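Okay, structure first, notes after.
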Protein chains: 4
Amino acid sequence: MSTPGDRGTDGRRPQRADARTNRERILSVAEEVFGRGGQLASTEEVARLANVGIATVFRHFPTKAALLEAVLVQRFDRLREQAESLFHAADPGAAFFGFFSHLVADAPGKIAIGEALYEAGGGNGGDAARASDGLRRAVGLLLQHAQRDGAVRGDVELPEVYALLVATSRASAPAHLDEEVRDRMLAIVFDGLAPLRNARRQGP
Amino acid sequence: MSTPGDRGTDGRRPQRADARTNRERILSVAEEVFGRGGQLASTEEVARLANVGIATVFRHFPTKAALLEAVLVQRFDRLREQAESLFHAADPGAAFFGFFSHLVADAPGKIAIGEALYEAGGGNGGDAARASDGLRRAVGLLLQHAQRDGAVRGDVELPEVYALLVATSRASAPAHLDEEVRDRMLAIVFDGLAPLRNARRQGP
Amino acid sequence: MSTPGDRGTDGRRPQRADARTNRERILSVAEEVFGRGGQLASTEEVARLANVGIATVFRHFPTKAALLEAVLVQRFDRLREQAESLFHAADPGAAFFGFFSHLVADAPGKIAIGEALYEAGGGNGGDAARASDGLRRAVGLLLQHAQRDGAVRGDVELPEVYALLVATSRASAPAHLDEEVRDRMLAIVFDGLAPLRNARRQGP
Amino acid sequence: MSTPGDRGTDGRRPQRADARTNRERILSVAEEVFGRGGQLASTEEVARLANVGIATVFRHFPTKAALLEAVLVQRFDRLREQAESLFHAADPGAAFFGFFSHLVADAPGKIAIGEALYEAGGGNGGDAARASDGLRRAVGLLLQHAQRDGAVRGDVELPEVYALLVATSRASAPAHLDEEVRDRMLAIVFDGLAPLRNARRQGP
DNA sequence: AATGAATGAGCGTTCATTCAT
DNA sequence: AATGAATGAACGCTCATTCAT
């Protein structure tokens with residue numbers, strides 16, 4: 001599977017490429033496997049589906065926790081990049097709410113991600129926590145922009161917004177939350193985040 | 001191990017009472033242990049912390065799943081009773097929001113409960129699912145009353161409200177969500193649930 | 001079940017009677033239970049079917065092995081008595097072959113007996129071995145009588161005959177040996193035990 | 001643990017060979033351990049005597065039942081091959097009786113084999129049952145040949161002959177059946193199988 | 001660098017036996 | 001004498017991790 005034949009044709013450094021390929025395949029398989037079964041999924045299953053020996057997995061990721069962390073970092077980074085790509089969107093409100101929806105809609109089947117958003121929120125000091133912070137900061141900027149644009153009330157702050165993001169994302173992770181219900185749930189949250197609240201509250 | 005003499009509060013005769021006491025202690029320890037570690041927590045740890053032999057746990061609950069289910073049923077039933085006690089509250093809105101807050105505030109450290117609210121939402125056919133349904137129905141009534149009283153907008157329905165309840169409860173389960181943040185998160189949700197929304201949305 | 005009411009009416013010694021009754025019921029249930037499942041059957045099942053607490057079983061038989069031994073002793077003794085009742089039969093040959101057949105036909109479902117005939121053959125020094133020896137001796141007498149009567153060749157001796165008895169009995173223990181096959185198997189053995197063998201062998 | 005250097009007999013390279021060696025050692029140890037203690041013997045004991053970790057046993061045989069089955073298949077196959085090697089023997093009678101004796105003489109200490117000959121006779125649908133059937137068929141052919149050759153009476157059929165084979169084999173399994181007794185027991189059976197029986201019976 | 005065999009700690013569960021009533 | 005709750009050792013089996021090639 002790891003195409004050992006290449007080595008014969010040219011002696012430059014096919015191994016390095018092979019290793020990188022393996023690492024990536026392992027990571028991507030792990031994302032799916034842990035997404036399905038959470039931490040309960042076995043490392044052997046990752047190895048099997050990635051078509052590598054179990055020892056190869058452990059060569060690339062010294063412990064199961066490290067593999068899980070790498071999966072999370074990848075996922076957080078990807079989400080952060082998506083958030084960052086919206087920093088200069090024409091409509092900051094649409095950008096914020098759109099990203100919120102996207103993240104929540106993306107959750108189904110990705111148990112580990114939900115768990116991670118959730119655990120990493122507490123910060124465990126590892127790379128995942130760092131990546132999680134990166135995502136959090138990006139969401140913070142999207143929020144700020146939306147607030148400045150008047151699309152989100154000005155008196156909410158990142159901690160509670162992020163907590164809501166984690167909460168709704170996590171709640172959506174199990175496949176059995178109906179899509180329509182999920183949207184109606186988000187509608188309520190988004191309504192709570194919309195401005196004019198103050199106006200209404202201040203009014204008689 | 002069970003040193004029947006040290007039951008300080010009441011000095012009634014052991015034997016049958018001892019067994020009941022053990023059962024209750026096991027249940028309560030299990031609630032805490034599974035609350036911390038989820039299903040991953042070991043039955044042995046439950047036994048150790050309950051100061052009973054492992055076989056005693058299995059005498060009372062034939063399988064680990066049965067123990068977990070008993071924990072959940074107990075918890076769901078307790079919450080349902082609390083909800084039911086609010087059916088005839090003078091202020092249905094306060095009753096609804098109060099119960100919502102109570103359930104979420106009660107969550108910290110009770111991972112299994114969150115998981116259960118969440119999994120049982122899908123219904124696995126066991127006693128826990130039945131108990132979960134009972135809670136859901138009770139929440140449904142509280143919601144209806146609050147809506148009739150004008151404290152909650154009339155266009156939201158139980159599925160999304162319950163999903164929000166599960167989501168925020170679950171998000172609050174880890175101890176590291178600051179209490180103030182949790183309240184601000186709830187404030188947003190409650191705002192989203194408040195009436196006048198339609199009026200505002202329809203207006204220019 | 002243990003008729004605890006008797007105690008009230010007369011104070012003499014109903015407990016003794018109760019105990020004896022229990023002991024017998026346990027023994028008889030044990031014979032059936034071990035007969036079905038061998039030593040693998042659990043002592044608890046014996047207690048359950050005998051309608052007594054597990055501790056009662058252990059009061060009467062201090063260990064599981066002792067219970068098993070008691071079962072075997074009872075069974076060996078019963079068989080020995082049956083053999084002895086044939087000592088003065090009019091037709092010693094019919095008596096011998098009849099008893100042989102009876103024992104083998106009685107085997108189905110009595111795994112423990114087969115195992116015991118077999119293990120006890122080696123003599124483990126306990127009561128069961130003693131009872132087994134008693135049976136063996138009784139079979140020996142039946143054999144002698146049959147030989148004197150000319151119904152069994154004179155050159156066979158008890159050890160091999162007993163071994164055959166054990167072997168065929170054991171082979172018949174599982175229910176799945178067809179009755180007809182069992183009889184045809186015995187016919188072969190009985191033929192081998194019939195006299196005139198020597199004559200034939202000595203002839204050219 | 002597996003100290004690949006100490007394979008005294010042949011110095012071929014380990015790794016794959018090591019695994020095969022382990023597998024074989026486990027199988028052979030299992031044959032002995034189950035031979036002594038039947039299914040009651042523990043897998044751990046097999047591991048201990050085979051000088052491998054318990055997980056190694058389970059790597060080679062996914063369940064205890066699979067290990068037991070492998071032992072039986074091996075044994076049945078070996079016996080079948082021996083039987084087949086006698087198909088074209090010059091003296092079919094000697095072949096049949098010789099194989100019968102061999103099988104019975106081979107039994108001592110191999111309880112599990114006896115149990116298996118016995119249980120598998122009932123057919124449990126697994127590989128062992130298949131292998132058992134193979135052996136049975138081979139014995140059937142040896143019997144036919146012996147009958148055609150006039151060495152075994154023509155009116156006996158495989159079922160009862162096989163039952164006798166199982167019975168005597170099983171009875172010989174415990175080491176405490178004296179060799180001479182065993183032979184005398186077989187002599188009786190063989191006499192019962194010999195021809196001229198009919199003649200004698202029909203004759204005066 | 002990659003393999004997969006080997007490992008042992010740990011898990012859920014059972015069962016003969018003991019203890020307290 | 002009888003009960004049944006409690007016990008812990010043992011079992012079958014799994015899995016993250018290491019070793020030898």
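Numbers restart at 1 for each chain; the letters A, B, ... are given by sequence-line order, proteins then strands. Note that the structure is a prediction, hence the values are computed from the model and not measured.
In this structure, C:H60 does not reach the F:dA1 phosphate: none of its side-chain N or O atoms is under 4.0 Å from OP1 or OP2. Taking side-chain N and O atoms only, D:T56 has no distance below 4.0 Å to OP1 or OP2 of E:dA5. An OP1 or OP2 oxygen of F:dA1 is reached within less than 4.0 angstrom by no side-chain nitrogen or oxygen of C:N22.
Across all strands shown, E:dA20 forms a Watson-Crick or G-U wobble pair, both distances under 3.5 Å, with F:dT3.
Of all heavy-atom pairs spanning A:H60 and A:N22, the tightest one is NE2-CB, 4.0 Å. The heavy-atom pair separating D:F61 from D:A70 by the smallest distance is CE2-CB, 3.6 Å.
At a threshold of 4.0 Å, the pair A:R36-A:E32 counts as salt-bridged, since one of the basic side-chain nitrogens sits closer than that to a carboxylate oxygen.
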What string of B, S and - do you get for nucleotides 12-18 of chain E 5' to 3' if you count protein non-hydrogen atoms under 4.0 Å? SBBBSBB

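Just one residue in the list C:E69, C:E31, C:E24 forms a side chain to side chain donor-acceptor pair (under 3.5 Å) with C:Q74, and that residue is C:E31.
Atom C1' of nucleotide E:dA20 and atom CZ of C:R59 are separated by 13 Å, given to the nearest angstrom. Taking atom CZ of B:F61 as the reference point, atom P of E:dC11 lies 19 Å away to the nearest angstrom. Per the geometry, CD belonging to A:E45 stands 10 Å off P belonging to F:dA16, to the nearest Å.
Both C:V57 and B:R23 lie close to DNA chain F; mapped to their nearest nucleotides by heavy-atom distance, the more 5′-ward contact belongs to C:V57.
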